[in-house]
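Notes follow once the structure below has been shown.
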Amino acid sequence: MDFGALMAKMTGAASAGDGAAVAECFTPDGTYHDVFYGAFTGADAIQDMIENYFHRDAANFRWDLHDPVDDGETGYVRYVFSYDSKLPEAGGKRALFEGIGVVRLKNGLIAHYSEVANTAPGLLMMGFAPERMAKIMARQGDELKGRDEAAGHIPD
């Protein structure tokens with residue numbers, strides 16, 4: 001399966017709430033690192049995240065992929081993602097995000113999936129309080145600062 005088809009299968013299954021089908025797109029020890037929920041490793045954890053986090057907190061997903069590229073080991077795909085929030089404070093409002101999926105591939109499957117996402121517009125659309133948005137942005141900043149590739153950018 002080519003990279004674009006693999007990502008379409010994964011995102012389509014995630015949008016439909018089929019955690020088992022999402023997990024099938026990953027290596028047995030693969031990791032799905034969601035921008036909001038964090039890292040989930042292994043088929044059972046990935047299935048649980050899709051079925052018990054994604055679909056607990058949102059409905060009516062749309063996940064459109066654009067411009068997938070890969071070299072057989074690393075892939076990138078731009079996306080636009082939206083959903084109706086089930087969070088009580090969001091009052092059913094629709095949220096819209098854009099981002100890029102960053103994928104490490106192994107034997108034609110996803111070994112690691114992570115995202116670089118512009119989350120602020122979607123959080124604003126849901127009516128998140130500034131304090132809550134600041135907490136989310138701080139967590140994302142701490143995660144970025146903790147990555148190996150960020151070493152040397154921010155003084156200790």
- Query: Just wondering, are more than 12 heavy atoms of other shown residues or ligands nearer than 6.0 Å to CG in Asp44?
  - Reply: no

- Task: Check step by step if ring pair (Phe, Tyr, Trp, His ring centres under 6.0 Å) holds for Phe40 and His33.
- Result: CA-CA 6 Å; Phe40 295 80; His33 190 275; 8.7 Å; no

- Does Ile46 share a hydrophobic cluster with Val35, counting links as ILVMFWY side-chain heavy atoms below 4.5 Å and allowing steps through other members? yes

- Task: Could you check whether the rings of Phe97 and Phe36 sit parallel, tilted or perpendicular, using 30° and 60° as the cut-offs?
- Result: perpendicular

- Item | Side-chain heavy-atom pair Met126, Ser85 within 4.5 angstrom cut-off | yes

- Query: Taking side chain as C-beta onward, heavy atoms only, is Ile136 less than 4.5 Å from Leu123?
  - Reply: yes

- Message: Within this structure, what is the NE2-CG distance for the pair His112 and Asp29, rounded to the nearest 0.5 Å?
- Response: 11.0 Å

- Note on the structure: Here the gap from Lys145 atom NZ to Ile154 atom CD1, rounded to the nearest 0.5 Å, amounts to 6.5 Å

- Test log, rule ring pair (Phe, Tyr, Trp, His ring centres under 6.0 Å), inputs Tyr113 and Phe26: CA-CA 9 Å; Tyr113 171 84; Phe26 286 77; 7.1 Å; no

- Item | Side chain proximity check, Glu98 to Tyr79, heavy atoms < 4.5 angstrom | no

- Message: Closer than 4.0 angstrom, basic N to acidic O: yes or no for Lys106 and Glu73?
- Response: no

- Message: Quick check for you: to the nearest 0.5 Å, what is the distance between Met7 atom CE and Cys25 atom SG?
- Response: 8.0 Å

- Query: Are a donor atom and an acceptor atom from the side chains of Tyr83 and Asp57 found within less than 3.5 Å of each other?
  - Reply: no

- Val103 side chain near Asp70 side chain, heavy-atom distance below 4.5 Å: no

- Query: Any side-chain heavy atom of Leu105 within less than 4.5 Å of one from Phe3?
  - Reply: yes

- Would a hydrophobic clustering, with Ile, Leu, Val, Met, Phe, Trp and Tyr connected at side-chain separations under 4.5 Å, put Tyr76 with Val116? yes

- Task: Determine, using the 4.5 Å side-chain heavy-atom cutoff (strictly less than), whether Met137 and Met125 are members of one ILVMFWY cluster.
- Result: no

- To the nearest 0.5 Å, tell me how far Leu6 CG sits from Ile110 CD1. 4.5 Å

- Electrostatic pair Asp142:Arg139 at N-O distance under 4.0 angstrom: no

- Message: If you compare all heavy atoms of Ala21 against all heavy atoms of Ala13, which two are closest, and at what distance to 0.1 Å?
- Response: CB-CB, 3.6 Å

- Under a single-linkage definition using a 4.5 Å side-chain heavy-atom cutoff for Ile, Leu, Val, Met, Phe, Trp and Tyr, are Leu87 and Leu124 assigned to the same hydrophobic cluster? yes

- Following the transitive rule for hydrophobic clusters with a side-chain heavy-atom cut-off under 4.5 Å over Ile, Leu, Val, Met, Phe, Trp and Tyr, establish whether Phe81 and Ile100 coincide in one cluster. no

- Exercise: do Arg94 and Ser82 side chains pair donor with acceptor under 3.5 Å: yes

- Query: Does CZ in Arg78 sit with more than 12 non-hydrogen atoms of other residues, nucleotides or ligands closer than 6.0 Å?
  - Reply: yes

- Query: So, does His55 use its side chain to make a donor-acceptor pair with the main chain of Ala14 at under 3.5 Å?
  - Reply: yes

- Message: Any salt bridge linking Lys86 with Asp84? Criterion: basic side-chain nitrogen under 4.0 Å from a carboxylate oxygen.
- Response: no

- Please check if any side-chain donor atom of Tyr53 sits under 3.5 Å from a side-chain acceptor atom of Glu51, or the reverse. no

- Message: I want to check something: taking the side chain as every heavy atom from C-beta on, are Tyr32 and Met10 in contact at a cut-off of under 4.5 Å?
- Response: yes

- Message: Using a 3.5 Å distance criterion without hydrogens, assess whether the side chain of Glu115 forms a donor-acceptor pair with backbone atoms of Asp34.
- Response: no

- Using salt bridge (Lys or Arg N to Asp or Glu O under 4.0 Å) as the criterion, list what pairs up with Lys135, not counting sequence neighbours. none

